[in-house]
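To start, the structure under review is shown below, and the notes come after it.
Only a predicted model underlies this, so the values are computations on that prediction, with no experimental measurement involved. Just so you know, residue 1 is the first one in the sequence shown, and it goes up from there.
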Amino acid sequence: ITLYRELDSITSYERLDAYKQRLIDRFGQIPEEGEELLKVMPLKWLAAAVGVEKVTLKSGNMILYLVADFDSRYYESEAFDKIIDYASFHPRNTKIREHDGRRSLWIKGVNSVSQAVTILQEINKKS
């Protein structure tokens, strides 16, 4: 549990690389599942950079939950524009939904944390 807590507190790629190296030194080669877990941190960072409050990967879909307050300035921000731009350029794979007072962007065909990170990197690059 201490290792999970430490992972959750990491805020930079440099610290993440050092953490990964300590795991290798202590336990040996990291299995594929462990590598995917380590990619959760960049996923969180990239999602936060575009105003995503929560990310869910489920049944081949990535769901990005947007700011809950509809009156928030977020919906006038460059970060929100990046979300809309991505959805506009990928209409077959994306759907913007509102359910129970929450707005979200659903992205189809996301089967791993690695794919999710790649998509969020693409969203973050939009200008």
For Leu16 and Leu7, the nearest pair of non-hydrogen atoms, with its separation, is CD1-CD1, 3.8 Å
Contact list for residues 56-65, test side chain to side chain donor-acceptor pair (under 3.5 Å), sequence neighbours left out: none
Taking side-chain contact (heavy atoms from CB on, under 4.5 Å) as the criterion, tell me which of Leu57, Ile63, Val55, Thr118 meets it with Val110. Leu57
What distance do Leu3 atom CG and Tyr19 atom OH have between them, rounded to the nearest 0.5 Å? 4.5 Å
Roughly how far, to the nearest 0.5 Å, is the CD atom of Glu53 from the CG atom of Leu66? 8.0 Å
Could you tell me whether a side-chain N or O of Lys82 sits under 3.5 Å from a main-chain N or O of Asn124, the two making a donor and an acceptor? yes
Working to the nearest 0.5 angstrom, can you tell me the gap between Ile24 CD1 and Ile30 CD1? 4.5 Å
Would you say Glu98 has more than 12 foreign heavy atoms packed within less than 6.0 Å of its CD? yes
Run through the side-chain heavy atoms of Ile, Leu, Val, Met, Phe, Trp and Tyr, join any pair under 4.5 Å, and report what else lands in Ile1's cluster. none
Check for a donor-acceptor pair, side chain of Tyr86 on one end and backbone N or O of Thr94 on the other, with a separation under 3.5 Å. no
Min side-chain heavy-atom separation His90-Glu122 under 4.5 Å: yes
Hey, does the side chain of Tyr74 reach the backbone of Val52 with a donor-acceptor pair shorter than 3.5 angstrom? no
Between Arg103 (side chain) and Arg97 (backbone), is there a donor-acceptor pair under 3.5 Å? no
Any Gln121 side-chain heavy atom under 4.5 Å of Pro42 side chain: no
At their closest point, which heavy atom of Ile83 faces which heavy atom of Ile123, and how far apart are they? CD1-CG2, 4.2 Å
Testing the basics here: between Ser104 and Trp106, what is the closest heavy-atom pair and its distance to 0.1 Å? OG-NE1, 3.1 Å
To the nearest 0.5 angstrom, please state how far the CG atom of Leu120 sits from the CE atom of Met62. 4.5 Å
Distance-minimising heavy-atom pair for Gly51 and Ala79: N-CB, 4.4 Å
Mind checking the OG-CD1 spacing from Ser88 to Ile96? Nearest 0.5 Å is all I need. 7.0 Å
Under a 3.5 Å cutoff, is there a donor and acceptor pairing between the side chains of Gln21 and Asp17? no
Should Val50 and Leu64 count as side-chain neighbours, where that means a heavy-atom distance under 4.5 Å? no
Sorted by first residue and then second, give each salt bridge (Lys or Arg N to Asp or Glu O under 4.0 Å) pair with at least one member in residues 35-49; sequence neighbours left out. Asp8-Lys44, Lys20-Glu35, Glu36-Lys39
As a quick check of understanding, evaluate side chain to side chain contact (heavy atoms under 4.5 Å, CB included) for Ile84 and Tyr75, giving each step before the final call. CA-CA 10 Å; Ile84 295 302; Tyr75 291 103; over 6 Å; no
